[in-house]
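To keep things clear, I will list the structure first and then write my remarks on it.
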Amino acid sequence: MTNGLFITFEGIDGSGKSTQARLLVEHLRSLGLDVIHTREPGGSPGAEEIRALVLEGDTDRWSPESEILLFTAARRDHLEKTIEPALASGKIVVCDRFADSTRVYQGITRGALRPMVDQLHQLMIAREPDLTFIIDMDPATGLTRALSRQTSEERFEGFGEGMQRKMREGFLQLAKEFSARCMVIDGNRNIPVVAQDVAKIAKTRLPRTQPA
Ligand code: ADP
Ligand code: TYD
């Protein structure tokens with residue numbers, strides 16, 4: 001048992017997850033709370049090395065199965081080195097993407113691999129967030145925003161709008177599957193309006209031991 005709180009942000013590329021995660025972290029810190037801001041793939045030195053392997057290069061660089069192993073290996077390291085220690089010391093962890101991204105991206109993009117994703121998750125991760133914000137967004141706008149960033153991390157964004165659409169559906173489906181922890185947020189609004197919604201919901205989940 002821990003007093004920490006594990007919050008994740010999920011959604012398609014360009015939906016505004018990173019923006020909203022950053023704003024929530026700033027808001028919680030302004031309340032005097034002890035918050036760790038992290039992301040996946042990455043969030044620990046080893047996992048950041050795996051991030052470079054998995055996000056750069058040709059779309060067919062890895063088979064779907066290898067990809068599941070790489071994302072899960074990165075997550076295991078991130079969990080051991082960053083997330084679990086922070087939660088054990090009572091901190092709030094805000095993480096940009098987590099296992100729901102593997103369920104959607106690896107689970108549905110290149111074949112029906114969700115059972116494989118679930119088995120590996122059960123074996124190696126076995127941890128769910130306390131609260132997940134799914135930032136829902138028009139797929140075409142999301143793709144335009146994501147592509148305008150111009151980074152070398154384009155393996156997934158190269159999949160195109162049809163795939164973004166499929167992934168959006170996947171996230172909405174997950175929100176139903178894990179309805180106790182998933183909150184769907186309309187990301188097609190102004191940044192501060194979305195942030196206000198997020199902060200309001202997060203506040204209702206703060207552990208009692210943290211000052212509010
Ligand atoms: P993600 O992490 O989901 O890929 P980002 O937070 O990096 O998304 O946002 C992608 C781009 O869209 C950034 O340039 C960001 O400033 C912009 N953006 C984010 N949220 C909104 C919003 N609600 N309205 C307009 N632009 C936004
Ligand atoms: P991210 O840096 O969050 O990209 P963005 O800001 O564009 O949303 O994540 C990089 C990519 O990695 C993104 O396209 C989704 C993909 N991804 C997976 O395919 N599986 C996973 O388990 C994770 C965590 C990310």
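Ligands are counted one by one from 1 in listed order, and the atoms in each one are counted from 1 as well. Positions are given from 1, in the same order as the sequence printed here.
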Residue selection (non-hydrogen contact nearest atom 11 (C) of ligand 2) among Val117, Leu55, Thr72: Leu55
By number and element, which atoms of ligand 2 are closer than 4.0 Å to a non-hydrogen atom of Lys17? 8 (O)
Is Val54 touching ligand 2 with its side chain, its backbone, both, or neither, if touching means heavy atoms under 4.0 Å apart? neither
Under a 4.0 Å threshold between the charged nitrogen and the carboxylate oxygen, would Glu40 count as salt-bridged to Arg75? yes
Tell me which part of Gln20 gets within contact of ligand 1: side chain, backbone, both or neither, using heavy atoms under 4.0 Å. neither
Phe98 ring center within less than 6.0 Å of Phe9 ring center: no
Can a salt bridge be assigned to the pair Glu84 and Arg127 using a cut-off of 4.0 Å between side-chain N and carboxylate O? yes
Is NZ or CZ of Arg168 both nearer than 6.0 Å to the six-membered ring centre of Phe171 and within 45° of the ring axis? no
For atom 25 (C) of ligand 2, state which one of Phe71, Phe9, Tyr105 supplies the nearest heavy atom. Phe71
Return yes when Arg75 approaches ligand 2 closer than 4.0 angstrom through a heavy atom, no otherwise. yes
Does ligand 2 have a heavy atom under 4.0 Å from the side chain of Met163, from its backbone, from both, or from neither? neither
Would you give the length of the straight line joining atom CG of Asp100 to atom CD1 of Ile134, rounded to the nearest 0.5 angstrom? 6.0 Å
Purely on distance, is any nitrogen or oxygen of Arg189 under 3.5 Å from one on ligand 1? yes
Which atoms form the tightest heavy-atom contact between Arg61 and Leu53, and what is the distance? NH1-O, 2.8 Å
Report yes or no: does a heavy atom of Gly14 sit under 4.0 Å from some atom of ligand 1? yes
For Glu67, is the nearest heavy atom under 4.0 Å from an atom of ligand 2? no
